[in-house]
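Just below is one structure, and these are the notes that go with it.
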Amino acid sequence: MESRHKRNRSKVNEFLFAFNFFAFTLLKPITHKYQDYSTIILFIVAAIICLCSVLYAFKFRRTNYYSSFVFIAFIVYFCIIIDYLIRNNGVQPDIIYRFTIHGAIPLFLLSAVVDYNYVLKNYCIIAILTGLFFVVDPFFHYRWSGGYMIFGYGVMLPAFAGCLLQYHYYKKKTAIIPMILFFVELFICANKGAALSGIVLFIVSYIFFREDKRRLARRFFTMVTLGVTIMLFRIQLLKIFVKIAKILSLESYALTTLRIIESGGGDIIFGSRISIWEKVWKMIAVKPMFGYGVGYLESTSIQYAHNFILDVLVTFGFVGLFIILLLILASIIRMIGFSDSSKRVFVITMFVLSFIPMMFSLTFWDVDTFWVFVGICYSFRKSRRISYNEGINTKLQHGLSE
């Protein structure tokens, strides 16, 4: 009875970690209404989640939080502060706040995680419930989420990911119903980057998240065939989605832009983005080696590079880009080598949910899935904790061997 009680209690930190991904999204109806107090509200909620984790740890498990996850956050803080002292542009304090919310706090909560299978299950459930909560938001002109971009990246994309994990990894066939619903809303009501991320995640989950490795080649061939079919009938499929949007009386930015692109007006849609990239490249050419420093681009009229590579280049230069790409490559190698299937699936999901949006829209300071991906891949292997039952079994085996 005692061991069962301890085993049930050990899941609280996993739940808090998973819930933190959606806490700020669920608060959007409040922060969107009271925008002047949004910073304070987010900080208070983040502090409450961390406090719950700490109190729980001290009361039941006495978990030591001084792990590699916190060390990673310390290194990032150190780099930002040094950059502030050397190349102050006035934006670094804001970067520190954003990294605290989207990077340091998720890493701190991650340091108490033991069971990644339970994290994955909680992530799926909370993501789907969040998607259902916001599913009618486009009919009210995004009154709750605050816009189609937040609706796409913050709501529908994670909800669709949760359904994919339930369907492909946990083999829950009932997940196909909300999965179709979320994909339709993702494609019609969200932005193109979120829809593209959903498609990539679908391909990855279909090929790699199933346990039967013998059919890997067949699943790959199925995806190639499906991709070719979609490309051949893309105009007809686009018309179907347009009709669905008209029937539902939805204003769709994504469908409008896709129709313009299909009719040969790609320059109109991508013109502003290409213009930003050209301006950023000109800036990089002036200081190519070490860049301009953290937050510099946001201190200008450009604000965001809308591309991860350019974002890193303008901030840290080619030297920084080389180091970061090397670390990411090493992270991917580690990710593939994880023996825990739940951990591997979770990290791959974090990778897709972060890098596709960062290549087109988001800056890495605001992407919690990116910092979680980096944190898990660079955690010290020696910091693995032993559960209560594992500890008892180890002691028994050691005693019998003696």
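These figures come from a predicted structure and were not determined experimentally. One is the number of the first residue; the rest follow in order along the sequence.
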So, for Leu110 and Gly375, which heavy atoms are closest and what is the spacing to 0.1 Å? CD2-C, 4.3 Å

Leu325 side chain reached by Ile309 side chain, heavy atoms, under 4.5 Å: yes

Main-chain N/O of Gly295 paired to Gln92 side chain as donor or acceptor, under 3.5 Å: no

Does the plane of the ring in Phe318 sit parallel, tilted or perpendicular to the ring in Trp281? Use 30° and 60° as the thresholds. tilted

Greater than 12 external heavy atoms within 6.0 Å of Leu51's CG: yes

Compare all side-chain heavy atoms of Thr363 with those of Arg98 and state whether any distance is below 4.5 angstrom. yes

Nearest-0.5 Å distance that lies between atom CG in Leu297 and atom CG in Leu313: 11.5 Å

Verdict with reasoning, Ile49 to Ile105, per side-chain contact (heavy atoms from CB on, under 4.5 Å): CA-CA 9 Å; Ile49 294 174; Ile105 289 175; 5.8 Å; no

Take the angle between the ring planes of Phe21 and Phe17 and call it parallel below 30°, perpendicular above 60°, tilted in between. perpendicular

What is the distance from atom CD1 of Ile324 to atom CZ of Phe308, rounded to the nearest 0.5 Å? 5.5 Å

Report the relative orientation of the aromatic rings in Phe183 and Phe160; use parallel for angles under 30°, tilted for 30 to 60°, perpendicular for over 60°. tilted

Taking everything shown except Lys343 itself, do over 12 heavy atoms lie less than 6.0 Å from its NZ? yes

Does Tyr153 use its side chain to pair, donor to acceptor, with the backbone of Ser361 at less than 3.5 Å? no

Begin from the C-alpha positions of Thr31 and Phe24 and carry the test side-chain contact (heavy atoms from CB on, under 4.5 Å) through to its verdict. CA-CA 9 Å; Thr31 56; Phe24 302 147; over 6 Å; no

So which atom in Ala190 and which in Gly152 form the shortest heavy-atom distance, rounded to 0.1 Å? CB-CA, 3.4 Å

Taking the six-membered ring of Tyr167 as reference, does the cationic atom of Lys172 (NZ for Lys, CZ for Arg) lie under 6.0 Å from its centre and within 45° of its axis? no

I'd like to know if the side chain of Tyr296 and the backbone of Arg87 have a donor-acceptor N/O pair within less than 3.5 Å. no

Atom CD1 in Ile150, atom CH2 in Trp144: separation rounded to 0.5 Å? 15.0 Å

Is a side-chain donor-acceptor pair under 3.5 Å present for Tyr170 with Asn117? yes

Does atom OH of Tyr116 have more than 12 heavy-atom neighbours from other groups under 6.0 Å away? yes

Within-4.5 Å side-chain heavy-atom neighbours: Arg344 and Ser341: yes

Show your reasoning for whether side-chain contact (heavy atoms from CB on, under 4.5 Å) applies to Leu165 and Phe346. CA-CA 9 Å; Leu165 291 168; Phe346 180 71; over 6 Å; no

Please state whether the rings of Phe373 and Phe351 are parallel, tilted or perpendicular, taking 30° and 60° as the class boundaries. tilted

Does the ring centre of Phe134 sit less than 6.0 Å away from the ring centre of Phe151? no

Heavy atoms of other groups near Tyr97 OH, more than 12 under 6.0 Å: yes

Identify the heavy atoms of Ile128 and Ala159 that sit nearest to each other, and give their distance. CG1-O, 4.1 Å

If we ignore hydrogens and angles and just use 3.5 Å, is the side chain of Asn307 paired with the main-chain N or O of Phe360 as donor and acceptor? no

So which atom in Met156 and which in Val135 form the shortest heavy-atom distance, rounded to 0.1 Å? CE-CA, 4.3 Å

Backbone N or O of Phe364 within a donor-acceptor pair of the Trp371 side chain at under 3.5 Å? yes

Using 0.5 Å steps for rounding, measure from the NE2 atom of His102 to the CG atom of Leu42. 7.5 Å

Any side-chain heavy atom of Phe15 sitting closer than 4.5 Å to one from Ile126? yes

Between Phe99 and Trp365, how do the two ring planes meet: parallel, tilted or perpendicular, split at 30° and 60°? perpendicular

First locate atom CD1 of Ile336, then atom CD1 of Ile348, and finally report the distance between them rounded to the nearest 0.5 Å. 7.5 Å

Any side-chain heavy atom of Asn13 within less than 4.5 Å of one from Val114? no

Please check: side-chain N/O of Ser38 versus main-chain N/O of Gln35, any donor-acceptor pairing under 3.5 Å? yes

Provide the closest heavy-atom pair for Cys124 versus Gln166 in the form atom of the first, atom of the second, distance. CB-NE2, 3.4 Å

With side chains defined as the heavy atoms from C-beta onward, is the minimum distance between Ile95 and Tyr84 less than 4.5 Å? no

Answer whether the closest heavy-atom distance between the side chains of Ile48 and Cys52 falls below 4.5 Å. yes

Rounded distance (nearest 0.5 Å) linking atom CD1 of Ile323 with atom CD1 of Ile328: 12.0 Å

So which atom in Val155 and which in Gly131 form the shortest heavy-atom distance, rounded to 0.1 Å? CG1-CA, 4.0 Å

Have Tyr118 and Ser342 got a donor and an acceptor in their side chains that come within less than 3.5 Å? no

Is the backbone N or O of Ser299 less than 3.5 Å from a side-chain atom of Asn89, with the two atoms forming a donor-acceptor pair by type? no

Show your reasoning for whether side-chain contact (heavy atoms from CB on, under 4.5 Å) applies to Glu185 and Phe182. CA-CA 5 Å; Glu185 287 222 334; Phe182 293 149; 5.8 Å; no

For Ala18, is there any backbone N or O sitting under 3.5 Å from a side-chain donor or acceptor partner on Asn122? no

When you compare the side chain of Cys79 with that of Val294, does any pair of heavy atoms fall below 4.5 Å? no

Answer yes or no: are there more than 12 heavy-atom neighbours, outside Lys282 itself, under 6.0 Å from its atom NZ? no

